[in-house]
K.L.:
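First the structure, which I've put down as structure tokens, then a few questions once you've had a look.
What you see below is based on every heavy atom in this structure, not just the backbone, and it leaves out hydrogens, waters and symmetry mates. Naming convention: chains lettered A, B, ... in sequence-line order (proteins, then strands); numbering from 1 in each chain.
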Protein chains: 2
Amino acid sequence: MKISNTVEWAIHCCTLLAGLPKGVNLSAKDLAEYHGVPHPYLAKALQTLSNDGIVKTISGPKGGYQLAKEPNNVSLLDIVLSIEGSDSCFECEEIRQQGPTALKRSASYKRPCLIAAAMWKAENVWRSELDKTKLSHLIEQVIIEADPRQMKKSQDWIEKRTP
Amino acid sequence: MKISNTVEWAIHCCTLLAGLPKGVNLSAKDLAEYHGVPHPYLAKALQTLSNDGIVKTISGPKGGYQLAKEPNNVSLLDIVLSIEGSDSCFECEEIRQQGPTALKRSASYKRPCLIAAAMWKAENVWRSELDKTKLSHLIEQVIIEADPRQMKKSQDWIEKRTP
DNA sequence: TTATTGCAGATAAAATTTATCCGTGATAAG
DNA sequence: CTTATCACGGATAAATTTTATCTGCAATAA
């Protein structure tokens, strides 16, 4: 039960894109360099985000990515589900219907297994908590908490690639 | 981000053990047969549960497993953490400290990354929800919901192996 | 037209999960 | 006190998933 670190990359990328001025975009290579992660693999994650309508693609030279929605309309859950897929992390194998004591074709198996129900409920709670954090919240907090020198450095770096 | 199905097996086994009369135990082979799952692999899971003090081992012939605690004192979280390990499912790589715009040795990195903090908070919510469901709750509900024929069949099967 | 960028699909390498086996120690029963 | 049954730890093997890269194609700005 481990979340891929591409999820972390994707969230950082989306947060960076969310802070960009309107109309400005960054390429996959830029994003990879900025975060110090391998470009080809990050590109895959960005393609997935693009397919799921979280980022918008600009083709051609000077192309790249922008956030496709308003930052207050993209949550951590959106990104996690895009990268990891939206399947439940707990899959019920219905083992209560296996083994020598199970009944054949019993109506009692129409209700979901109690164990699965409890696992799914916990996952829903997790998802709804993740959905509360929007990219706009992260940006606001970063502005408050981050070192001003870091902010400056970051802005300068972005301006160099986006004339 | 997928939970191993051995977690499902482990929960089912613990629930079954929790419903056993005091002093009665079931072997790994019995538990595997009852649930229709491979014996050697289930045995590994049971060993893990034993190491973590969730089940109690009875050695020798007619040996096997009992629940080590009261059913109202074992939660789904206990079992999940035992089988899956207690590491967080989200690992922060501190990628904010990588790349060309990061600062060296900045005090601003002493606070946890906001993204990691949000992910961890969601995981804590998930864990605390799982911790609410105790084996005793599952048993109570099963008694209410389950098909009486299934219950009978199950009891007969257990009595055959535990004179 | 050319160079740059994203995209889909194929492929390869690495890591993890899943599953089994064997030798050892414990112990109940004969 | 011998034997058969059981859990345990470690080693190992098979299968699957994750991670990572590459290639040819489409789009487009200069």
K.L.:
Taking all atoms of both residues into account, what is the closest heavy-atom pair of B:Thr15 and B:Ile139, and its distance?
P.N.:
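The pair with the smallest heavy-atom distance is O-CD1, 4.0 Å.
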K.L.:
Reading DNA chain D from 5' onward, which residue's closest nucleotide shows up sooner: B:Ala43 or A:Glu84?
P.N.:
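Mapping each residue to its closest nucleotide by heavy atoms, the 5'-most match is B:Ala43.
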K.L.:
Using whole Å, report how far CD1 of A:Ile58 lies from P of D:dT28.
P.N.:
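Nearest whole value for this atom pair: 10 Å.
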K.L.:
Does B:Leu135 form a side-chain contact (heavy atoms from CB on, under 4.5 Å) with B:Leu138? I'd like the steps, not just the answer.
P.N.:
CA-CA 5 Å; B:Leu135 293 182; B:Leu138 291 178; 4.2 Å; yes
K.L.:
Could you pull out the closest heavy-atom pair between A:Pro71 and A:Ala18, with the gap in Å?
P.N.:
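A:Pro71 and A:Ala18 have their closest heavy atoms at CG-O, 3.8 Å.
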K.L.:
Mind listing the closest non-hydrogen atom pair of A:Gly64 and A:Asn25 along with its distance?
P.N.:
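Result for this residue pair: N-OD1, 3.6 Å.
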K.L.:
For residues B:Leu46 and B:Val55, report the shortest heavy-atom separation together with the two atoms involved.
P.N.:
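Residues B:Leu46 and B:Val55, closest heavy atoms: O-CG2, 3.8 Å.
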K.L.:
Rounded off to whole Å, could you give me the CD1-to-P distance for the A:Ile83 and D:dT17 pair?
P.N.:
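My rounded result for the distance is 19 Å.
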K.L.:
Any N/O pairs under 3.5 Å between the protein and nucleotides 19-27 of chain D? List them or say none.
P.N.:
{"residue": "D:dT19", "atom": "OP2", "partner": "A:Ser4", "partner atom": "OG", "Å": "2.9"}

K.L.:
B:Gln47 CD to C:dT24 C1': how many Å, rounded?
P.N.:
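Checked: the CD to C1' distance equals 13 Å.
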K.L.:
Who passes ring pair (Phe, Tyr, Trp, His ring centres under 6.0 Å) against A:Tyr34, sequence neighbours left out?
P.N.:
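Here the qualifying residues are A:Trp157.
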K.L.:
A:Asn51 side chain N/O closer than 4.0 Å to the phosphate oxygens (OP1, OP2) of C:dA8?
P.N.:
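Answer yes for this pair, as a side-chain N or O of A:Asn51 is under 4.0 Å from OP1 or OP2.
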K.L.:
What is the separation between atom CG on A:Asp87 and atom C1' on D:dT18, rounded to the nearest whole Å?
P.N.:
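Distance check: A:Asp87 CG to D:dT18 C1' gives 16 Å.
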K.L.:
Roughly, in whole Å, what's the span from CG in B:Leu26 to P in D:dA7?
P.N.:
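Result: 10 Å.
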K.L.:
Could you give the CD-to-P distance, from B:Glu91 to C:dT16, as a whole number of Å?
P.N.:
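Going from B:Glu91 (CD) to C:dT16 (P), I get 10 Å.
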K.L.:
State, with a plain yes or no, whether a side-chain heavy atom of A:Glu123 is found less than 4.5 Å away from one of A:Trp126.
P.N.:
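A:Glu123 reaches A:Trp126 side chain to side chain.
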K.L.:
Which sits closer to the 5' end of DNA chain C, A:Tyr65 or A:Met1, going by the nucleotide each is nearest to?
P.N.:
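On the 5' side of the pair lies A:Tyr65.
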K.L.:
Would you kindly give the CG-to-C1' distance between A:Leu42 and C:dG6, to the nearest whole Å?
P.N.:
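The distance from CG of A:Leu42 to C1' of C:dG6 comes to 13 Å, rounded to the nearest Å.
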K.L.:
May I have the distance from A:Lys29 (atom NZ) to C:dT4 (atom C1'), rounded to whole angstrom?
P.N.:
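Taking atom C1' of C:dT4 as the reference, NZ of A:Lys29 is at 9 Å.
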